[in-house]
Amino acid sequence: MKNKVNFFINEEPVELYVDANRTMLNIIRDDLCLIGTKEGCGAGECGACTIIADGKPLNACLVLAPELDGMHITTVEGLAKDGELSELQKQFIKHSALQCGFCTPGFLMSGTALLQENPNPSREEIKTAIVGNLCRCTGYVRIIEAIEETAEVLRGGGQ
Amino acid sequence: MELEYVGKSYDRKDAMMKVTGTAEYVDDLRFARMLYAACVRSPYAHARILSIDTSEAMKLPGVKCVITGDEYPNRAGLYLEDRYFMAKVGDTAKYMGEAVAAVAAETPEIARQACDLVKVEYEELPAVTNAIDGMKPDAPIIHPDLHTYKVAPIFYPEKGTNISHHYILRKGDAEKAFAEADYIFENQFYIPHVQHVPLEPHAAIAKYEANGKLTVWASCQSPYAVRQALSVAFAIPLNKIRVIAPTVGGGFGSKAGTTLEGIVIPLAKHCQGRPVKLVYTREDEFVNAYVRQGMHAKIKAGVRKDGKITALHNEFIWDGGAYTEYGVNITKAGGWASAGPYDIDNVWTDSYCVYTNHPVGGPYRGFGMCEIHFAIEQNMDIIAEKVGLTPVEIRRLNGIRPGGFTGMGEKMEVAGLLDCIDVVVKEMEYDKPSAPAGPHKIRAKGIAAGWKSPSMPSNAGSSAILRMNEDGTFFLLSSAQEIGQGASTVLVQIAAEVLSVSPDTITFCAGDTDYTPYEWQTVASRTTYCAGNAVKLAAENLIDKVLDLAQIKMGAVKRDLEFRDGFVVHKLYPERKLPISDFALGVSFDDGSGYGGPAIGVGSFTLENNIKTDKNTGVAKHHPAAFWTMGMNGCEVEIDTDTGACKVLKMVSCFDAGKVINPTLFAAQSEGAMVQALGTALLEELKLKNGKVLNKSFMDYKIPTADDIPELVAKYVEHAEPTGPYGARGVGEPLMVPGAPCIANAIYNAIGVRFYKMPITSEDILKALKEKEMRL
C-alpha cells in the first residue's frame, strides 16, 4: 500500500507514491537523488540529515515519508540561487568551517534555519541551534564564527 | 627567499563541493542494478563455528548470494597477516560482532531479513576480556597459529601466547640509575577503548567486470594499502584490482586499513557484474570498525633532587582486540616514544600487544601517543609537585633540546619544545592563578606536552605526477587522500610554490589506483611531509624538462631560466619570457618539426636512511623516525563542586610545525584536535562487558558538541625540518596528544585529586570530592 504525497523540495513541486515505512531521508536521497543530505546515524542523534521543513530544521531520518505531504522542504542543494552561494555557504568557505564535509550540509541547514528565524543570534543561541549537529573534525569554533559573520553581513545588507 | 604560496591561507580546494552538498561519498554513488549487502555477526565474544546453513536465506525472494568464510583463501593484514575478512566454519569467531556470513540482495531490507535466516551453530569458548588476563599462562589462546602468520620483520609475536608483539627498549643502565636516584615514583594508569567516530560511516562497493577486473569504491584513507590487502586476501594480481576512494568523510585512522571492503568482494564475484554495496550503520562503527586500543600503563621514574629524571621503567599492555594486524605497530610506536619529549639517559620499556576478544584495535589519531601521554604527562606533574618544581619548570628542565637525545638514543637536530612551552605559558598567563570563580566553582590551569613521529615501514613511498595542460594549467595526481585534513589544498600550494603559478590553476586528483600514482598510506601525519616531498619533486621535474625545451626555444642557457608567475623567464633579462603554456606540448620549430612534449613531471619520495632499531635493545642506530613533532597544550577548567561537572574554559595549543603551509588549515587541525582530546578526557569510553559493547549509539556514547567547546587558541612555532618540503613536518595527529593529560592535570590543580584513568566524568569528580570531604 503506497501513500500519495505532494510536497515541494527546493521550491519544485513533487508528487510521489511512497511506502509508509520509509523515511523522508530515504525519499530525498534515493528517490529524488539529492545526495547532499547525509545519513550519519539513522537515529536522529547526529544531525547530518538536517533539512528545513516549513521553516524549521528537522532530522530527515526521523520523519516518515507520508508526513511529507504538504511540506515545503529545503535541502543543501536549495541554498545556492542561480549558481550563487548563499551567504552562509560563502562564510563556511571563508572561515574554513568544514573539513571532511560530511556534517557540513546539516550544519548549513541548522544555521540557515536559525538565521531565518533570528537574524541577530548571540553566540549561545548559535550553539543551541547547532547542538544537535555533530562534527568530529572542526571543533565547531569556525562553524560558529561563520554563522556569526553571516548574520552580520545579512543584517548589514538589510540596512 | 620570500614564499609566494606556501605559508598563505588559501581557501580549501574541496570547499565548494562540500558546501553545496555535491561532493560524492561512497554511499552517494548509485549504479544500475546495484545490490546491497548485510552481515551475519557472531553473538559471542569467542566461539567455534560448528556449522552454517544458508539454505533458508537463499530461498528468500530478492536474495542473490550468501557467502561464508569459505570464500577467503588467505589471511591478510598490514603488518601481521592475522585475519580473514570473515570467520570460517571450524575456526573461531574472535569478537562479538565478527562477520560469519554475508548476503547480497535487491534491497538493504531484504539483505538484513535474509541474515536472520542464516543458521549458525556455535560452541561458545572462554573469552579474554582484559589484556592483563590475556598475558597469563592459563589464558585461552585466541590465535593458536600465531607463530605461522606472515609478519613484517620488525614485529615479534610470541608463539603459544596472546602476545602478538613485544617491543623492547633498553637504553643506558636503568637499574643503576634507579639505585642512584633520590626519588622513585611508581604510578599506574588505564586508558579505555574509544571510537574514532568519523561522521561518515564506512562504506564500500565492489564490482567485477566480465574480464575479471575488480573495482572497489571504498571510504578509505589509503587506496593502495586496501588494494594490497585485498590482493593478498583473495589472491588477485594487483593489476586486476582498482580501488577508488571518492570523498572521505573523516577517518582519524579508522579508515586507514581495510575493513568492510573484504565483505563485498566475494559477494560481487558471485553476482555476475552487479555492483554490491555495504554501508556500516552507526552501531557497526562502534563495534565492527577499528576502535582505539585500551592500554594499561605502569611508569616508574627515578628522579634526582633537582627534578632531573634519570631513569624510566615503563610497561605498556595494549588491549589489541581480536586482530592486531595494525595494532602491533601502535605497540611499537608507544614503546618508541615512551620517554615522551624528554631527554632521559636510562630508559627501560616493555610494550606488549595482546589479543583479546574485544573489537579490533586499530590506529586512532595519535597512534598510541594520546594513550601513553595520559600517563607520562600526569606523571610529570606528580614528580614536579614532590620535588618542589612547577609543571612548567620540570618540563623546561627535562624537555628535549636540539642536540639532545630521544628515549631511543636518537640525536635531535631540531626540537622546538621549549619555545612551545614559552608560548603556552604566555597565552595561558600560566604564572597567574585563575580568576576567582562563582560560588561552588573552582578554577585552575594545567599544562601537558606531547610528541609523535610517524611509525611507518622504511619503504613507505609517495609519488606524484604533474601534467601541464595546453593552456598552462595543471593536474596534480597523487593518492594522498583528502580526508578532511586539507591534504588537497596543502599539496597544491606546494606545487604552486615550485611552479610559481596560482594554486587556482592546479586541479588535485586523488584516490584511484588505476590512475593516480602510488602512495603507501594517508596516515602517520606523513602526508604533508612525504607526499609533499613527492609533489615538490614532481614540480621540479616538470620544470627541469620544460627548461630543457625553453633553452632551445629562447636561445638561453638553462641555468639562467626559471618559472615565474606563469612564464619561463630569463633571470638576467626578465623581459625575455614566454608563457609556460608554450611548452605544454613541447616545442615546435620553423620547419614544422616538434620536440619534447607533452610536459609531465614525476616525483617519487622514499625516506632514506630510516634504519630500524635494534631488536634486543630498541636503540636507534641512526634515525628510525622521519621526524618528531612536539608541542604543548595549556588549559583552564572550572569544576562545579555541586555536580562534579568539569567545564574546559580555554585551551591553548602550540606546536613546532617546522613550516606551516597553510595557517588557517593548521589552526583548524589544531582546534579539532583539542576538542577531540577533550572528548576522550571527559566523555568517551567504549563500555565493554564480557566482550559486548554496551554503548554503540550517540545516545550512549557522547562526543563533544558545540556546547562543550572552550575558547580555543591555536599557535605554532617554526623550526624547519631539514628534509621536509619547505621545512614542514606533519601535525595532524601530534596536535591531539597533550589534550587529555592537560585537562587531567588542570582537574588535579583544581581539586587536588589525581585521576589515573579516562574519561574523567562528572560522576568521577563528584565522587572524589565527596570522598575528600569525608576524609577531612
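Proteins get letters first, then strands, A, B, ... in listed order; numbering begins at 1 in each.
- Taking the six-membered ring where the residue is Trp, B/Phe286 and B/Phe698 present perpendicular rings, their angle passing 60° and hence far from 30°.
- Interface residue B/Met16: backbone and side-chain heavy atoms are both found under 4.5 Å from chain A.
- Both the backbone and the side chain of B/Val19 come within contact range of chain A, judged by heavy atoms closer than 4.5 Å.
- Rounded to the nearest 0.5 Å, atoms CG (B/Asn662) and OG (A/Ser96) are 7.0 Å apart.
- Heavy atoms closer than 4.5 Å to chain A are found in both the backbone and the side chain of B/Met699.
- For the atom pair B/Glu200 CD and B/Thr247 OG1, the distance stands at 8.5 Å (nearest 0.5 Å).
- For chain A, the option among B/Gly486, B/Gly679, B/Pro201, B/Ser9 with the highest count of heavy-atom pairs below 4.5 Å is B/Pro201.
- Interface residue B/Asp27: backbone and side-chain heavy atoms are both found under 4.5 Å from chain A.
- Proximity to chain A among residues 664-673 of chain B is limited to B/Thr664, B/Leu665, B/Ala667, B/Ala668, B/Gln669, B/Glu671, B/Gly672, judged by heavy-atom separations below 4.5 angstrom.
- Heavy-atom distances place no part of B/Tyr280 under 4.5 Å from chain A, backbone and side chain included.
- Proximity to chain B at a heavy-atom threshold of 4.5 Å picks out A/Cys46 from residues 46-64 of chain A, in numerical order.
- Here the CE atom belonging to B/Met674 is positioned 10.5 Å from the SG atom belonging to B/Cys635, to the nearest 0.5 angstrom.
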Original post:
Would A/Glu149 and A/Lys94 count as a salt bridge (charged side-chain N to carboxylate O under 4.0 Å, His left out) if you check the C-alpha gap in whole Å, the side-chain angles of each, and the deciding distance to 0.1 Å?
Top reply: CA-CA 10 Å; A/Glu149 192 171 342; A/Lys94 181 179 160 195; 2.5 Å; yes
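- Interface residue B/Val197: backbone and side-chain heavy atoms are both found under 4.5 Å from chain A.
- If you measure heavy-atom distances from A/Leu34 to chain B, you find no contacts under 4.5 Å at all.
- For A/Lys81 and A/Glu11, the salt-bridge test passes: some basic side-chain N is under 4.0 Å from an acidic carboxylate O.
- Heavy atoms closer than 4.5 Å to chain A are found nowhere in B/Thr281, neither backbone nor side chain.
- In this structure, the portions of B/Ser697 lying under 4.5 Å from any heavy atom of chain A include both its backbone and its side chain.
- Both the backbone and the side chain of B/Leu199 come within less than 4.5 Å of a heavy atom of chain A.
- Taking the six-membered ring where the residue is Trp, A/Phe102 and B/Tyr25 present perpendicular rings, their angle passing 60° and hence far from 30°.
- When the heavy atoms of residues 126-147 of chain A are compared with those of chain B, the residues falling under 4.5 Å are A/Lys127, A/Ile130, A/Val131, A/Leu134, A/Cys135, A/Arg136, A/Cys137, A/Thr138, A/Gly139, A/Tyr140, A/Val141, A/Arg142, A/Ile144, listed by number.
- The side chain to side chain donor-acceptor pair (under 3.5 Å) test applied to B/Ser525 returns B/Glu733, not counting sequence neighbours.
- Taking CD of B/Gln485 as the start and CD of B/Gln221 as the end, the distance is 8.0 Å to the nearest 0.5 Å.
- From A/Lys90, atom NZ reaches atom CZ of A/Phe92 across 15.0 Å, with rounding to the nearest 0.5 Å.
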